[in-house]
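Chain A is the first sequence line, chain B the second, and so forth, proteins listed ahead of strands; every chain is numbered from 1.
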2 protein chains.
Amino acid sequence: MTTEEKIFNSARIIFQKKGFAGARMQEIADEAGINKAMLHYCFKNKQLLFEAVFMNAFGQLAPQINDIFSSNDSVFDKIRKFTHSYISFVIQNPYLPQFVIQEMNNNPAFVMSFLKNENRPNPTLLVSQIEKEIADGIIKPINPKQLLMNIISLTVFPFAAQMMVKGMLQISDAAFNQMMEERKTSIAEQIINSIKR
Amino acid sequence: MTTEEKIFNSARIIFQKKGFAGARMQEIADEAGINKAMLHYCFKNKQLLFEAVFMNAFGQLAPQINDIFSSNDSVFDKIRKFTHSYISFVIQNPYLPQFVIQEMNNNPAFVMSFLKNENRPNPTLLVSQIEKEIADGIIKPINPKQLLMNIISLTVFPFAAQMMVKGMLQISDAAFNQMMEERKTSIAEQIINSIKR
DNA sequence: ATCTTTGTTAACCAAATGGTTAAACCGTAT
DNA sequence: ATACGGTTTAACCATTTGGTTAACAAAGAT
């Protein structure tokens, strides 16, 4: 592993745990086991190091959504595939959703730079497919954007609010992961059940 | 408005916008239009000022959940009342959910102190009521905690991830609020629809 | 009137923090 | 061997930041 990779991985860990404002350059250097000056040698400054980490995180999350949502499957199958693969991915990267949401809220100006990104999640295709299936009588009449919001909410929220959820429901890490495993299939069936004619 | 109230309100604004780590004592003082030393005169230090704000925020969110969830209504009516009143409240306080979630994730030790709070959301009653209605054949057999998670997810997530949602769906503030208004009733019906026998 | 308590401020301080610099290290081509 | 390029570090620096102090003002209490 190159020094640059070591720094990047350590920065990912620290930024995702503490956010941009809470992260300390020294802590990242310690985590990587190198001198603080190396951070600046490799990544110029905190902002650029952060952006590298954030872009990477976002770049992992976004394409998956597009891949599945732009396939040739029916809406129902897309929902099934999305929830399953997305939860699988996030179980492996449990800090990611909260990290992305937090930094987008704390730094709205930053959000704008992603709206132009070609890899950004683009739901227009799925929206028109939903409209078509509504017209065809496969799906009940609903606002497609509301449906999309429901899918994302049910999938992402438990991870984003992990600590609160564990605290409120009084469940252990293991029990939480067990519940997330169940959700891989249960969410899709619940959504489909509520919108099918 | 007393000086203490001015400080508290300003602190609420700044902490909710930037989080604990990102907030600056000077910025809070400026927002309140007073000298920085007054912050320490009234609230001792940053941590205690933050805790006052956080407790207040949490204290506004939590009781509402309990009030509704411990009433004598059926599960369906509880879901209807909860989603409606909760979304109404959060529309007026759109920063609250993300603030609470963020600080709970960034400071897990802090979470623990709330598990003992008498006002913490306590879902045990609702869970057993759900189990009863399942046994009575009113509700399909499901994991009550999953149902609870679904209700919270659909209600809170769009607010917690507001910036991301607006960016992804390409909607304005007004369109967002309009969608949230719709959700006051649509979420409840969607959930009920998916679990009723 | 003056003493005391409470509220308020300007100036100050020590520690933390992001960032820089100049020197040392190290493999390699000459 | 040595000169050279990129890599790495210890020491340093300027600024920011949370927090303190001592003086000042205002309002009751005696």
Side-chain angles (χ1 to χ4, degrees), chain A residues 1-57 95 99-100 102-110 113, chain B residues 1-57 95 99-100 102-110 113:
Chain A
M1 191 162 49
T2 71
T3 303
E4 196 167 314
E5 286 168 341
K6 272 194 282 186
I7 292 175
F8 183 85
N9 286 331
S10 305
R12 193 164 40 83
I13 292 168
I14 303 297
F15 277 133
Q16 287 184 11
K17 189 149 54 182
K18 313 214 167 173
F20 176 80
R24 297 286 159 248
M25 295 297 268
Q26 186 60 58
E27 198 179 358
I28 294 172
D30 291 347
E31 175 79 26
I34 50 108
N35 187 284
K36 183 163 66 88
M38 277 305 285
L39 301 187
H40 297 91
Y41 180 75
C42 291
F43 288 91
K44 187 78 180 171
N45 60 37
K46 189 182 182 183
Q47 182 65 34
L48 287 176
L49 176 54
F50 174 79
E51 282 176 21
V53 169
F54 187 87
M55 292 279 185
N56 175 270
Y95 280 113
F99 173 63
V100 172
Q102 171 172 324
E103 299 306 330
M104 279 197 152
N105 276 317
N106 286 176
N107 200 345
F110 212 59
S113 64
Chain B
M1 190 162 51
T2 71
T3 303
E4 196 169 314
E5 286 168 340
K6 273 194 283 186
I7 292 174
F8 183 86
N9 286 331
S10 305
R12 193 164 40 83
I13 292 168
I14 303 297
F15 278 133
Q16 287 183 11
K17 189 150 53 184
K18 313 215 167 171
F20 178 80
R24 298 286 159 249
M25 294 298 267
Q26 185 61 59
E27 198 180 359
I28 294 172
D30 292 346
E31 175 80 26
I34 49 107
N35 188 285
K36 184 163 65 90
M38 276 305 285
L39 301 187
H40 297 92
Y41 179 75
C42 292
F43 289 91
K44 187 77 179 170
N45 60 38
K46 188 182 184 184
Q47 182 65 34
L48 288 176
L49 176 54
F50 173 80
E51 281 176 22
V53 169
F54 187 87
M55 292 278 184
N56 175 269
Y95 280 113
F99 173 64
V100 171
Q102 171 174 322
E103 299 307 329
M104 279 195 152
N105 276 317
N106 287 176
N107 200 344
F110 211 58
S113 64

Measure [atom1]/[X] against [atom2]/[N] and give the value in whole Å, please.
| X | N | atom1 | atom2 | answer |
| --- | --- | --- | --- | --- |
| B:M25 | D:dT16 | CE | P | 18 Å |
| A:I14 | C:dG18 | CD1 | C1' | 16 Å |
| A:L39 | D:dT7 | CG | C1' | 14 Å |
| B:H40 | C:dA10 | NE2 | C1' | 15 Å |
| B:F20 | D:dT17 | CZ | C1' | 12 Å |
| B:E27 | D:dG18 | CD | C1' | 14 Å |
| A:Q47 | C:dT17 | CD | P | 18 Å |
| A:N45 | C:dG19 | CG | C1' | 9 Å |

Examine distances only and state if a side-chain atom of B:E103 and a backbone atom of B:F20 form a donor-acceptor pair shorter than 3.5 Å.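 Yes, the answer is positive, given that a donor and an acceptor are paired below the 3.5 Å cut-off.
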By nearest atom, which of the nucleotides [options] is closest to the [X] side chain?
| X | options | answer |
| --- | --- | --- |
| A:N35 | C:dT9, D:dG18, D:dT9 | D:dT9 |
| B:M38 | D:dT9, C:dG19, C:dT8 | C:dT8 |
| A:I34 | D:dT9, C:dG18, D:dG18 | D:dT9 |
| B:Y41 | C:dG19, C:dT8, D:dT20 | C:dT8 |

Are B:F99 and B:F54 near enough that their ring centres are under 6.0 Å apart?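 Distance test on ring centres: under 6.0 Å, yes.
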DNA chain C: A:A37 or A:A23, which has the more 5' nearest nucleotide?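 Counting from the 5' end, the first nearest nucleotide belongs to A:A23.
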Working note: A:Q102 + B:N105, criterion side chain to side chain contact (heavy atoms under 4.5 Å, CB included); need CA distance, chi angles, decisive distance, verdict. CA-CA 10 Å; A:Q102 171 172 324; B:N105 276 317; 5.7 Å; no
OP1 or OP2 of D:dT16 versus the side-chain N and O atoms of B:R24: is any pair under 4.0 Å?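 Checking B:R24 against D:dT16: no side-chain N or O falls below 4.0 Å of OP1 or OP2.
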Does A:T3 put a side-chain nitrogen or oxygen below 4.0 Å from OP1 or OP2 of D:dT7?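 A:T3 to D:dT7 OP1/OP2: no side-chain N or O under 4.0 Å.
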I'd like to know if A:K36 reaches the base of C:dG19 with its side chain such that a donor and an acceptor end up less than 3.5 angstrom apart.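 Side chain to base: pair found, below 3.5 Å.
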Can you see whether B:Q26 engages B:D30 through a side-chain donor-acceptor pair at a distance of less than 3.5 angstrom?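 Yes - a donor-acceptor pair under 3.5 Å links their side chains.
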Considering only heavy atoms from C-beta outward, does the side chain of B:K46 approach that of B:F15 to under 4.5 Å?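 B:K46 vs B:F15: side chains touch.
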